Structure formats: C-alpha cells, structure tokens
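Model, not experiment: these values are computed from the prediction. Below, read A as the first sequence line, B as the second, and so on, with proteins coming before strands; counting in each chain starts at 1.
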Number of protein chains: 2
Amino acid sequence: MDEVDSAIVRHLQEDARQSNREIAEKIGIAPSTCLERTRLLRQRGVIRGYHAEVDLAALNRHVQALVSVQVRPLNRSVIDSFHQWVRHLPEVLTVFGTAGNDDFLVHVAVRDIDHLHAFLVDKLSDRRDIVSFRSSIIYRRDTNNVLDPL
Amino acid sequence: MDEVDSAIVRHLQEDARQSNREIAEKIGIAPSTCLERTRLLRQRGVIRGYHAEVDLAALNRHVQALVSVQVRPLNRSVIDSFHQWVRHLPEVLTVFGTAGNDDFLVHVAVRDIDHLHAFLVDKLSDRRDIVSFRSSIIYRRDTNNVLDPL
DNA sequence: ATTGAAATCCACTTGTA
DNA sequence: TACAAGTGGATTTCAAT
C-alpha cells in the first residue's frame, strides 16, 4: 500500500467505471502498470468489489429506519443465527453487531410507514430470541463513498 | 423502471465493472440497447454512482463504532451545521439524522481504540451544540450491496 | 425505442529493460 | 516492477426499422 496504490483506490472509490487509462493518466503511470496494480489490489482483498449506488426512492423505498435489537440468551448460536437471518431480509440494508445496550442495529429501507410497521410486527416479532426492539425513523443519511487510509 | 431496467440495476449493483456486453447478454438484449438504458438510468438519478468497496482494515481502520449524538438547541441551523461538519470528518463513514431519543447516529472507522477516544474527546467534545454522545463498538457489519425494488 | 454494423477506443498479453 | 507495442475485444455512434 504505497502512494500509487492509495491513489488507485481513491479514484476507484470515486468512480468505479472510469477506464484504466483514465486513472493511469491522472496518477501519472503507464496503463499496464495501473492495470496490474489494480488486479493485485483486488486479489489481496483491499478492493472487495465494485457496486452501483442506487437511489432508494427509485426502488420504492421511501422510508428508512434504524432498528436496535436485543436478543437473548446472549450466546454465539443465538447471535449468529439472528445476524444471518436478518441480513438476508429484503428490507435490510446493513446489520451492525454492537457492544453496549443493544446487540444489533439494523438499517432498513421500506416502501412506507405501513410497511415498516409490518416489518416490525410480522417479521421481527416472530422470533423468540428477540427480547426487545426500538426503531427510529431516518430523516437524512450521508455516506462518504471515498475513504483515505489513516 | 420496467423489468429490463431492474435487471440492469441489479447486475450493476453486483459488479459495476463488468462489461456492458456481459450485462446485455445475461439479460437478453442488444448491447446498444443496454448501454442506452444504463445511460438513462444514470441520468435520471436512479443510479447515483459507481464505487469500489474497500476493506477497512487495509485502510488502517481496524475499529468501528456507532456514535449517537444529541445536539441542542434543536433548530435547523444547529442540525444542518452539525450534519455538514460531521459528514466531512475523515473518520466518518455515514451520518444518520434520526427521530427519537438521539438526533444523529454516526458510523466511524478509526485506526484503534486510542484513536476512537481521541476522536470523541478532541473533535466531538469541542462542539458547544453537542449535549451528549454515547458510542458503541461494532463487532461485525454486513451490508446488502444489491437491493431489489419493493 | 431497439437494433446491427462500422469505427474508435480499451484491456490484456507479450517482450524488454 | 514498470513500460511499450500489438492484438483481440469492447464501447460508442449512427442509420434504419
């Protein structure tokens, strides 16, 4: 991870579909060098993938919420099974397994308030290992798509 | 947003760097059609961008936390200024503006526990509009990179 | 709006230092 | 490890439907 690698990573975070030549020119290296570096970054797992960012409203997901969840008993089997279950629900964007008062924080995006309610009472409430949950509507969200090394 | 558009969006969420021909073939349309559809999706804002996903550990960010923040007084000026300030800090991945007990939830990724502490006491504590904050370490995080319309 | 073909551009491989 | 040149393949444009 030298300066060249960092620059490649930065440019690919900004726009993953720009051409290899373009990135090479911006950095000031040969296109073949840039391509090889990029391949290694991908292979080493520094770059985990390339994804289109989609407008949630265009996917009929006008309401977002953060749902904090407590599960019991607190053992690996319960924690892992809840985590795997919740992360594959179609409403779920991100699952955080956390320390502190809550065991999980789940970021969901649904069609409207009614569907949020349905998600909570029909899906979450059905699980016996969930002790309690509390949800907060999200008014606004901003994500830093390009992160530099610290 | 018909079936073809949805398919394009799905494939680009899965791998934003696969070729246009590849996507066209998987869907069963002409490459030129696929290209035009993709351009329109981008132009209409359905697709907001293409970003490389990077391993946080490779960026020297081994510790993640969720920081819930209360600000006062609760007016637009205070809320907006905090939101804009915090979202541009290098440690911050995502800012959620929420309803409920907490006004903001901030997802941060830092080098280690010491840097988390430094972030909290040196940066957050400096702001007069912050009434209180509470942070939870993140043990695990899973993100759904491909979302279907509801 | 979709397509097929032409032209331009790019990725990938090979060879060399 | 980096670069330069060559080839196969992709993107892009455009005329026609």
Side-chain angles (χ1 to χ4, degrees), chain A residues 1-62 111 143 145-150, chain B residues 1-62 111 143 145-150:
Chain A
M1 269 309 257
D2 57 3
E3 263 313 308
V4 175
D5 284 334
S6 294
I8 292 174
V9 167
R10 184 166 358 102
H11 285 294
L12 284 172
Q13 282 178 292
E14 244 153 30
D15 180 7
R17 270 188 89 82
Q18 64 186 312
S19 72
N20 180 67
R21 295 180 89 89
E22 218 167 334
I23 298 174
E25 191 178 6
K26 286 175 185 169
I27 299 177
I29 58 176
S32 45
T33 307
C34 189
L35 194 68
E36 177 66 6
R37 291 273 199 149
T38 305
R39 278 188 50 183
L40 289 175
L41 286 166
R42 184 79 175 90
Q43 190 179 323
R44 276 162 39 203
V46 174
I47 296 175
R48 296 168 57 100
Y50 306 97
H51 308 287
E53 180 195 357
V54 180
D55 180 54
L56 290 177
L59 298 178
N60 263 315
R61 297 164 181 267
H62 303 276
R111 183 187 278 272
T143 299
N145 288 116
V146 34
L147 295 173
D148 287 314
L150 292 181
Chain B
M1 267 309 257
D2 58 2
E3 263 312 309
V4 175
D5 283 335
S6 294
I8 292 173
V9 167
R10 184 165 0 100
H11 286 294
L12 283 173
Q13 282 178 293
E14 244 153 29
D15 180 6
R17 270 187 91 83
Q18 64 186 312
S19 72
N20 179 67
R21 294 181 88 89
E22 219 167 334
I23 298 174
E25 192 179 5
K26 286 175 185 170
I27 299 177
I29 57 177
S32 43
T33 307
C34 189
L35 193 69
E36 177 65 6
R37 291 272 199 151
T38 306
R39 278 187 51 182
L40 290 175
L41 286 166
R42 183 79 175 89
Q43 190 179 323
R44 277 160 42 201
V46 174
I47 296 175
R48 296 168 58 102
Y50 306 98
H51 308 286
E53 180 195 357
V54 180
D55 180 53
L56 291 177
L59 298 178
N60 263 314
R61 297 163 180 267
H62 303 276
R111 182 189 280 273
T143 299
N145 288 117
V146 34
L147 295 173
D148 287 314
L150 292 182

> Step by step, would you call B:R42 with B:T38 a side chain to side chain contact (heavy atoms under 4.5 Å, CB included)?
Replying inline: CA-CA 6 Å; B:R42 183 79 175 89; B:T38 306; 5.7 Å; no
> Does anything in residues 17-38 of chain A reach DNA chain C, meaning a heavy atom under 4.0 Å, and if so which residues?
Replying inline: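 Within this stretch, A:S19, A:N20, A:R21, A:L35 sit under 4.0 Å of the strand.
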> What do you reckon, is CD of B:E25 surrounded by more than 12 foreign heavy atoms closer than 6.0 Å?
Replying inline: no
> Do B:R17 and A:I47 have side chains that get closer than 4.5 Å, going by heavy atoms?
Replying inline: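 Not in contact.
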> Could you give the CZ-to-P distance, from B:R39 to D:dT12, as a whole number of Å?
Replying inline: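 For the pair B:R39 CZ and D:dT12 P, the rounded distance is 8 Å.
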> Shortest non-hydrogen contact from A:H51 to B:Q13?
Replying inline: ND1-O, 2.7 Å
>> Using the rule given for side chain to side chain contact (heavy atoms under 4.5 Å, CB included), can you reason through B:S6 versus B:D148, listing the C-alpha separation, both sets of side-chain angles and the distance that settles it, and then say yes or no?
In response: CA-CA 8 Å; B:S6 294; B:D148 287 314; over 6 Å; no
